[in-house]
Each structure stands twice: as structure tokens, then as C-alpha cells.
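Contents: one structure, followed by commentary.
The shown structure was predicted, so the numbers you read here are calculated from the model rather than taken from an experiment.
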Amino acid sequence: MRNAADEIDVFKALSNPARLKILQWLRDPRGNFPIERGIADPEDVGVCVSQITEKVGVAQSTVSTHMRELERAGLVKSTRVGKWTHYMRDEDRIKEMLSVLDRSL
């Protein structure tokens, strides 16, 4: 069971425009990231951090920080493929947070 601190982590993660945009892009990975440039299926494994970095247009270290925040909040899951980290949305957690908002506000 999650607590109020977990919910606050989600809101903090979503308060950054870049993280919010990344989550929006990850909703449709095939439509937002060129599949031919990836090394794994974006719907099964996720999108490589290097592709996210390229799309955001900032340093990889900045994107990695963003992705750690999203993962800490439970909004994305990471998978290692070789030396690369791939990310995908955690749809169950996102639905859970929508339910919390619906009940709370």
C-alpha cells in the first residue's frame, strides 16, 4: 500500500515540464521514437535512454536524472538491454494515481 509520501513523489515528478513531456511521448513509443533506431521493441522493453535524450535535446545525464525521478515515483519501469537502459510507462501506477486523484479531489 502506498502512502502520502509516495503520492507527493508522483506530483513532484510531474511538476517538471520535461518529465511530463517524456511521459506523454512514452504513451505512444512507436509514434514518438523511430523504431528503426532502437535496439529493442519499444512496447515490450521500452525506449532507449539515448533516444529519449535525442528527442529532449539535453545532456544524457539530465535525462537520466529525469528518468530516475520518474522511476522513483513509480511512473516508469526500466529494463537493461546490454549496456543501455530502456524505459516504459507503468500504466498500472498511472491508473492508480488517477484513481487517487478522483477520490481525493
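- Of all heavy-atom pairs spanning His66 and Ala18, the tightest one is NE2-CB, 3.7 Å.
- Minimum heavy-atom separation, Val56 to Trp25: CG2-CZ3, 3.5 Å.
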Side chain to side chain contact (heavy atoms under 4.5 Å, CB included) between Val45 and Trp84, intermediate numbers included: CA-CA 11 Å; Val45 178; Trp84 295 277; over 6 Å; no
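- Looking at every heavy atom in both residues, Arg72 comes nearest to Glu69 through NH2-OE1, 3.2 Å.
- With hydrogens and angles ignored, the 3.5 Å screen pairs no side-chain donor or acceptor of Gln60 with any backbone N or O of Ser50.
- Both Tyr87 and Leu14 sit in one connected hydrophobic cluster of ILVMFWY residues. Membership requires side-chain heavy atoms under 4.5 Å apart, directly or through other members.
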Side chain to side chain contact (heavy atoms under 4.5 Å, CB included) between Val100 and Glu7, intermediate numbers included: CA-CA 9 Å; Val100 165; Glu7 293 170 14; 3.5 Å; yes
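- Donor-acceptor pairing under 3.5 Å is lacking for the side chains of Arg68 and Ser64.
- The two residues Leu75 and Ala13 make their nearest non-hydrogen contact at CD1-CB, 4.2 Å.
- Within a 6.0 Å sphere centred on CZ of Arg27, other residues, nucleotides and ligands contribute 12 heavy atoms or fewer.
- When atom types are taken as modelled, the side chain of Arg89 and the backbone of Leu26 share no donor-acceptor pair closer than 3.5 angstrom.
- One distance of note links CG of Leu98 with CD of Glu91; it measures 9.5 Å at 0.5 Å rounding.
- Each of Met88 and Val81 belongs to its own hydrophobic cluster when Ile, Leu, Val, Met, Phe, Trp and Tyr are linked at side-chain heavy-atom distances under 4.5 angstrom.
- Scanning both residues, Arg103 and Ser99, for their nearest heavy atoms gives NH1-OG, 2.6 Å.
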Verdict with supporting geometry, Ile22 and Met67, side chain to side chain contact (heavy atoms under 4.5 Å, CB included): CA-CA 9 Å; Ile22 291 167; Met67 299 314 296; 3.8 Å; yes
Pair Glu54-Phe33, side chain to side chain contact (heavy atoms under 4.5 Å, CB included): steps then yes or no: CA-CA 10 Å; Glu54 186 176 311; Phe33 297 94; over 6 Å; no
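- When all heavy atoms of Val58 and Thr53 are compared, the closest pair comes out as O-CG2, 3.2 Å.
- In this structure a side-chain-to-backbone donor-acceptor pair under 3.5 Å is present from Arg93 to Ala73.
- With hydrogens and angles disregarded, a donor-acceptor distance shorter than 3.5 Å links the side chain of Thr65 to the backbone of Ser61.
- With rounding to the nearest 0.5 angstrom, the CG atom of Asn16 is 10.5 Å from the CG atom of Leu23.
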